[in-house]
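Step one of this worksheet: look at the structure below.
In what follows, chains are A, B, ... by sequence order, proteins preceding strands, each numbered from 1. Please read all numbers here as calculations on a predicted model, not as lab measurements.
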Amino acid sequence: MKIATFNINGVRARLPRILAWLQSREPDVALLQEIKCQDQIFPRTPFEDLGYNVTTHGQKSFNGVAILSKFPLENPHTGLKGDDDDTQARWIEAVVGHRRAVRVCCLYLPNGNPAPSPKYDYKLAWMERLRSRMAELLVLEEPTVVAGDFNVIPQPEDAANPDRWKDDALYLPDTRAAWRWLLNMGYTDAFRAVHPTARAFTFWDFQRRAWQRDDGIRIDHLLLTPQCADLLQDCRIDKDERAQLKPSDHVPIWIEIDA
DNA sequence: ATGCCCTATGCTATAGGA
């Protein structure tokens, strides 16, 4: 089973690009972030025409997450517990029914800039809620993928110019400590498991000619429970997507698992 | 080289992204 995550930066603006990517790479499951639209205007039909089941959790203008799956999507469920006042659409999960069922969780973690600020406080509080949910999932001892745009640069080697990010919400010590907590609980960073030392990025800013200078960061991640890590076959980044016409500023990253 | 882009919005400026 091939499971991809892709921050598409607007599903309506990106539709032709996403469809071309789906047709060329044929992921079984695609976790999308920043759909930037409400559920009722999400363009379901073009995805269904490619054979995908679709479940979405959107809001007007910003944020929004979705799951596409060639296999049945069971028990879809949106939102992260722990803050009843949080109206931002950043979490959707479902169980993908297959030979071996796999739970997939699609997240769009808050950016948090500038730091310090209430936005950074929201990011850290969101990461605490994420830790609680991921701790619950760990207890189930099932193959589970928690993936998406984490807005976290884990280590210096995950940025072309780490010094530039030292005061940024994506790289501050508290952000990276919250990330490490997830790993220390027992989750596996799929990309690092397959490529322990590779210098690879998933995001290049639209500004400052970042793509042309390869000034990127690795912030889109797939975290696996032990039962899922045992099934891991491969993990790759579709870097070429960033060079296409009207690209997102992120590129897809995907795993192949024996499920 | 702090090099100014891209999406969405009752829209010709502004907010948000990272």
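- At least one side-chain nitrogen or oxygen of Asn7(A) sits closer than 4.0 Å to the OP1 or OP2 atom of dA18(B).
- Distance noted for atom P between dC4(B) and dA8(B): 23 Å (whole Å).
- Among the nucleotides dG17(B), dT7(B), dA8(B), the one closest to any side-chain atom of Arg14(A) is dT7(B).
- In terms of phosphate contacts, Tyr108(A) brings no side-chain nitrogen or oxygen within less than 4.0 Å of OP1 or OP2 of dG16(B).
- Between the CG atom of Asp249(A) and the P atom of dC5(B) there is a distance of 14 Å, given to the nearest Å.
- When rounded to the nearest whole Å, the span between CG of Leu15(A) and P of dT7(B) equals 13 Å.
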Derivation and outcome, salt bridge (Lys or Arg N to Asp or Glu O under 4.0 Å), residues Asp215(A) and Arg208(A): CA-CA 9 Å; Asp215(A) 183 7; Arg208(A) 295 183 290 275; 5.7 Å; no
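- At dT7(B), one or more side-chain N or O atoms of Lys246(A) fall inside 4.0 Å of OP1 or OP2 (strictly under the cut-off).
- Of the two residues near DNA chain B, Ile35(A) and Pro110(A), the one whose nearest nucleotide lies more 5' is Ile35(A).
- The distance between atom CD of Gln59(A) and atom P of dG16(B), rounded to the nearest whole Å, is 12 Å.
- Distance, Ile8(A) CD1 to dT7(B) P: 12 Å, rounded to whole Å.
- For Lys36(A), no side-chain nitrogen or oxygen approaches OP1 or OP2 of dC6(B) to under 4.0 Å.
- The side chain of Arg12(A) lies closest to dT9(B) when the candidates are dT9(B), dG17(B), dG3(B).
- Around the CG atom of Asp49(A), the shell of radius 6.0 Å holds more than 12 heavy atoms that belong to other residues, nucleotides or ligands.
- Partners of Ala198(A) under the side chain to side chain contact (heavy atoms under 4.5 Å, CB included) rule, at least two apart in sequence or in another chain, are Phe191(A), Arg192(A), His195(A).
- Asp174(A) CG to Leu124(A) CG: the interatomic distance, rounded to the nearest 0.5 Å, is 5.5 Å.
- Residue Glu34(A) contributes atom CD, which lies 18 Å from atom P of dA15(B) at whole-angstrom precision.
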Evaluation steps, salt bridge (Lys or Arg N to Asp or Glu O under 4.0 Å), between Asp258(A) and Arg99(A): CA-CA 10 Å; Asp258(A) 182 19; Arg99(A) 180 161 54 94; 3.5 Å; yes
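- Only Arg213(A), Ile217(A), Ile219(A), listed by number, bring a heavy atom of residues 211-221 of chain A to less than 4.0 angstrom from any atom of DNA chain B.
- A heavy atom closer than 4.0 Å to some atom of DNA chain B occurs in Leu170(A), these being the qualifying members of residues 153-175 of chain A.
- Each of Thr144(A), Val145(A), Leu140(A) was compared with Thr225(A) under the side-chain contact (heavy atoms from CB on, under 4.5 Å) criterion, and only Thr144(A) meets it.
- Relative to the side chain of Lys60(A), the nucleotides dG10(B), dC6(B), dA18(B) differ in distance, and dG10(B) lies closest.
- Atom P of dC5(B) sits at a distance of 24 Å from the matching atom of dG10(B), rounded to the whole Å.
- As rounded to whole Å, 10 Å separates atom P of dG3(B) from atom CD of Gln207(A).
- Taking for each of Leu109(A) and Arg208(A) the nucleotide of DNA chain B with the nearest heavy atom, the 5'-most of the two is the partner of Arg208(A).
- The nucleotide whose nearest atom lies closest to any side-chain atom of Arg209(A) is, among dG3(B), dT7(B), dA18(B), dG3(B).
- Among the atoms of the strands shown, none is found under 4.0 Å from any heavy atom of Lys123(A).
- The shortest distance between side-chain heavy atoms of Lys81(A) and Glu136(A) falls below 4.5 Å.
- Arg103(A) contributes no side-chain N or O that, together with a main-chain N or O of Val95(A), makes up a donor-acceptor pair within less than 3.5 Å.
- Put simply, His250(A) has no side-chain N or O that comes within less than 4.0 Å of OP1 or OP2 on dG17(B).
- Lys70(A) has no carboxylate O lying under 4.0 Å from a charged side-chain N of Glu26(A), or vice versa, which leaves the two without a salt bridge.
- Note: Trp179(A) and His221(A) have tilted aromatic rings, judged against thresholds of 30 and 60 degrees for the angle between ring planes.
- Rounding to whole angstrom units, CZ of residue Phe203(A) and C1' of dA18(B) are separated by 5 Å.
- Backbone-only contact: Asn151(A) has heavy atoms under 4.0 Å from sugar-phosphate atoms and none from a base.
- The separation of dA18(B) from dC6(B), taken at their C1' atoms, amounts to 12 Å, rounded to a whole angstrom.
- Remark: Asp189(A) engages Arg218(A) in a salt bridge, criterion side-chain N to carboxylate O under 4.0 Å.
- When rounded to the nearest whole Å, the span between CD of Gln33(A) and P of dG17(B) equals 15 Å.
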